[in-house]
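Residue numbers run from 1 in the order of the sequence given.
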Amino acid sequence: MKHANIFTADSSPLTIGVLVLHAANTLSLAAVLDPLRTTNRRAGKELFRWALLTPLGAPVTLTSGLQVPGIALDQAPALDALFVVAGFELEEQCAPVLLSQIRRVAGRVANICGVDGGPWILARAGLLNQHMATTHWEDLEKFTQSFPEIDVTRDRFVIDGRVMTTGGAGPALDLMLHLIQTRHGVALAMRAAGALIYDPDPSGARPQSVTSTSRLMARAPKVAQAIQLMETHIEEPLAISVIAQRLGLTQRNLEHRFKAAIDTSPGAYFLDLRLSEARRLALDTALPASEIALVTGFTSPASFARAFKKAHGLSVSDTRRHEAAAF
């Protein structure tokens, strides 16, 4: 281990081990590697090195179908940091031998990081206990319930001591550009971001959003702010009149802005947002339909069932059966 912490101004090459698990997202892996590659190219020298690792040294298959080869984790070379990139099938991959190997490698490096589903793997290995951490917004509720010893936040990325976690590909890109900036200065980090045509969120403290509202914020900020309010009140939906009032608008004015910006009404958008979350919960959890109704703001199971079927064409139980049959 060369440094007590990798977020230190230092011109010497930094070596990162990237452990890629089966069913990881291609974009999450690229978000870790491409900023490093781009920085080396822009700097004209090797500031970052990386080693692709897999649990057993055999190629793993990403969600896109691409196969990624790697060195077996238990044969990892000397590293400064270990990044764990994961996506789906997390519980199935949390074998004791893998968690033990991750703990062993983590003990030899300055920093560890979980990307996308990676925080789940680090949490199962006991490496996030008594730390602040985040994960992808789809898994935040289950993550919080599963690991009460972790201080879970909705931030895009979190750095807590030697532990780093990100909520997905975009936040991972933000984290990597932050790392580049702390080690090699703002100018080089800006050049790397420019090469990727990406405008980073350097703090990571902006909450993850269910809907990408960054472009909407520039041309219709009140609509973007309304959507953000909706996202944080899915379980206890705010009336559209209340949302408008909080934004200093009349309900009619807010409705006009929604129509102009995204060609729908705020009420229809909010209902669609809640029903989209309901479908995700139907597919990603074992919650009964009655509980899904409650956590998406429906007080009547019957009205929820009607709305869900109208939106998705199937009931919750039929949606689950259809998805299981497809795979």
> Side-chain heavy atoms under 4.5 angstrom apart, residues restricted to Ile, Leu, Val, Met, Phe, Trp, Tyr: same cluster for Leu66 and Leu52?
Replying inline: yes

>> Can a donor-acceptor pair be found, under 3.5 Å and without considering hydrogens, that links the side chain of Ser64 to the backbone of Thr26?
In response: no

> Does the side chain of Arg162 come within less than 4.5 Å of Val109's, by heavy atoms?
Replying inline: yes

>> Is there a side-chain contact between Leu173 and Val32 in this structure, where contact means two heavy atoms from C-beta onward sitting under 4.5 Å apart?
In response: no

> Does Lys222 reach the side chain of Ile243, with side-chain heavy atoms less than 4.5 Å apart?
Replying inline: no

> Can you name the nearest heavy-atom pair linking Ala106 to Leu127, along with the distance?
Replying inline: CB-CD1, 3.9 Å

> Do Leu314 and Leu287 belong together in a cluster built from hydrophobic side chains that touch within less than 4.5 Å?
Replying inline: no

> Which heavy atom of Ala289 sits nearest a heavy atom of Phe304, and at what distance?
Replying inline: O-CE2, 3.7 Å

>> Do Tyr269 and Leu254 sit in one hydrophobic cluster, given that two such residues count as connected whenever their side-chain heavy atoms are within less than 4.5 Å of each other, even indirectly?
In response: yes

>> Looking at Glu46, I'd like to know if its CD atom is crowded, meaning that more than 12 non-hydrogen atoms belonging to other residues, nucleotides or ligands lie closer than 6.0 Å.
In response: yes

>> Would you compute the distance between atom OG of Ser265 and atom CD1 of Ile240 and round it to the nearest 0.5 angstrom?
In response: 7.5 Å

>> For a quick test of reading the model, state the closest non-hydrogen atom pair linking Cys113 to Leu175 and the distance between them.
In response: SG-CD2, 3.7 Å

> Would a 4.5 Å heavy-atom cut-off, applied to side chains only, mark Lys45 and Asn40 as touching?
Replying inline: no

> At what distance, to the nearest 0.5 angstrom, does CD1 of Ile180 lie from CE of Met190?
Replying inline: 13.0 Å

> Going only through I, L, V, M, F, W and Y residues with side-chain contacts under 4.5 Å, is there a path from Leu238 to Phe258?
Replying inline: yes

> How far apart are the C-alpha atoms of Met164 and Val158, what are their side-chain angles, what is the distance that settles it, and do they pass the side-chain contact (heavy atoms from CB on, under 4.5 Å) test?
Replying inline: CA-CA 6 Å; Met164 304 170 283; Val158 175; over 6 Å; no

> Above 12 or not: heavy atoms from other molecules or residues under 6.0 Å from CD of Glu236?
Replying inline: no

> Should we say atom CZ of Arg320 is surrounded by more than 12 heavy atoms from elsewhere, each under 6.0 Å from it?
Replying inline: yes

>> Determine whether a donor-acceptor pair (N or O, by modelled atom type, separation under 3.5 Å) exists between the side chain of Thr54 and the backbone of Ala58.
In response: yes

> With side chains defined as the heavy atoms from C-beta onward, is the minimum distance between Trp120 and Phe147 less than 4.5 Å?
Replying inline: yes

>> Is the shortest side-chain heavy-atom distance between Val152 and Thr134 below 4.5 Å?
In response: no

>> Checking the side chain of Gln93 only, and the main-chain atoms of Glu89 only, is there a donor and an acceptor separated by less than 3.5 Å?
In response: yes

> Is there any ring pair (Phe, Tyr, Trp, His ring centres under 6.0 Å) pair reaching into residues 7-58, and which pairs are they, with sequence neighbours excluded?
Replying inline: Phe7-His178, Phe48-His184

> Under 3.5 Å, is there a donor-acceptor pair between the side chain of Asp80 and the main chain of Ile16?
Replying inline: no

> Nearest 0.5 Å, what's the CZ-CD1 distance between Arg257 and Ile262?
Replying inline: 13.5 Å

>> Go through it in stages, so that I can follow the logic: the residues are Thr232 and Ile227, the test is side-chain contact (heavy atoms from CB on, under 4.5 Å), and I'd like the CA-CA distance, side-chain angles, deciding distance and then a yes or no.
In response: CA-CA 9 Å; Thr232 56; Ile227 290 172; over 6 Å; no

> For the residue pair Arg183 and Ser12, what are the closest heavy atoms and their distance?
Replying inline: NH2-O, 3.3 Å

> Can any side-chain N or O of Ser290 pair as donor or acceptor with the backbone N or O of Pro301 at less than 3.5 Å?
Replying inline: no

>> Quick one, Pro55 and Leu73 - any side-chain contact, counting heavy atoms below 4.5 Å?
In response: no

> Has Arg41 got more than 12 heavy atoms of other residues, nucleotides or ligands less than 6.0 Å from its CZ?
Replying inline: no

> Mind checking whether Met230 and Val242 sit in one hydrophobic cluster, side chains of I, L, V, M, F, W, Y counted as touching below 4.5 Å?
Replying inline: yes

>> List the residues meeting salt bridge (charged side-chain N to carboxylate O under 4.0 Å, His left out) with Arg124, not counting sequence neighbours, and say none if there are none.
In response: Glu91

>> When you compare the side chains of Thr153 and Asp155, does any donor N or O come within less than 3.5 Å of an acceptor on the partner?
In response: yes

>> Working note: Leu29 + Val20, criterion side-chain contact (heavy atoms from CB on, under 4.5 Å); need CA distance, chi angles, decisive distance, verdict.
In response: CA-CA 8 Å; Leu29 177 59; Val20 189; 3.8 Å; yes

> If every non-hydrogen atom of Pro77 is compared with every non-hydrogen atom of Leu53, which pair is closest and at what distance?
Replying inline: CD-CD2, 4.4 Å

>> As an exercise, state the distance from CG of Leu281 to OG1 of Thr319, rounded to the nearest 0.5 Å.
In response: 12.5 Å

>> What's the separation between atom CH2 in Trp137 and atom CZ in Arg156, rounded to the nearest 0.5 Å?
In response: 13.5 Å

> Is Asp139 salt-bridged to Lys142, going by a charged N under 4.0 Å from an acidic O?
Replying inline: no

> Looking at residues at least two apart in the chain, or sitting in another chain, which of them share a side-chain hydrogen bond (donor to acceptor under 3.5 Å, both in side chains) with Glu235?
Replying inline: none

> Is there a donor-acceptor contact under 3.5 Å from the side chain of Asn111 to the main chain of Ile6?
Replying inline: yes

>> Please determine whether a side-chain nitrogen of the Lys or Arg among Arg274 and Glu277 lies less than 4.0 Å from a carboxylate oxygen of the Asp or Glu.
In response: no

>> Is it the case that the side chain of Thr296 and the backbone of Ile292 share a donor-acceptor pair, with hydrogens and angles ignored and the cut-off at 3.5 Å?
In response: yes

> From Leu179 CG over to Leu14 CG, what is the distance, rounded to the nearest 0.5 angstrom?
Replying inline: 6.0 Å

> Is the shortest heavy-atom distance from the side chain of Arg108 to the side chain of Leu82 under 4.5 Å?
Replying inline: no

> For the residue pair Ser315 and Lys309, what are the closest heavy atoms and their distance?
Replying inline: N-CG, 4.4 Å

> Do any N or O atoms from the side chain of Arg280 and from the backbone of Glu138 form a donor-acceptor pair under 3.5 angstrom?
Replying inline: yes

>> For Thr8 and Asp10: C-alpha separation, side-chain torsions, deciding distance, then whether side-chain hydrogen bond (donor to acceptor under 3.5 Å, both in side chains) applies.
In response: CA-CA 6 Å; Thr8 305; Asp10 194 327; over 6 Å; no

> Step by step, would you call Val115 with Val84 a side-chain contact (heavy atoms from CB on, under 4.5 Å)?
Replying inline: CA-CA 6 Å; Val115 175; Val84 179; over 6 Å; no

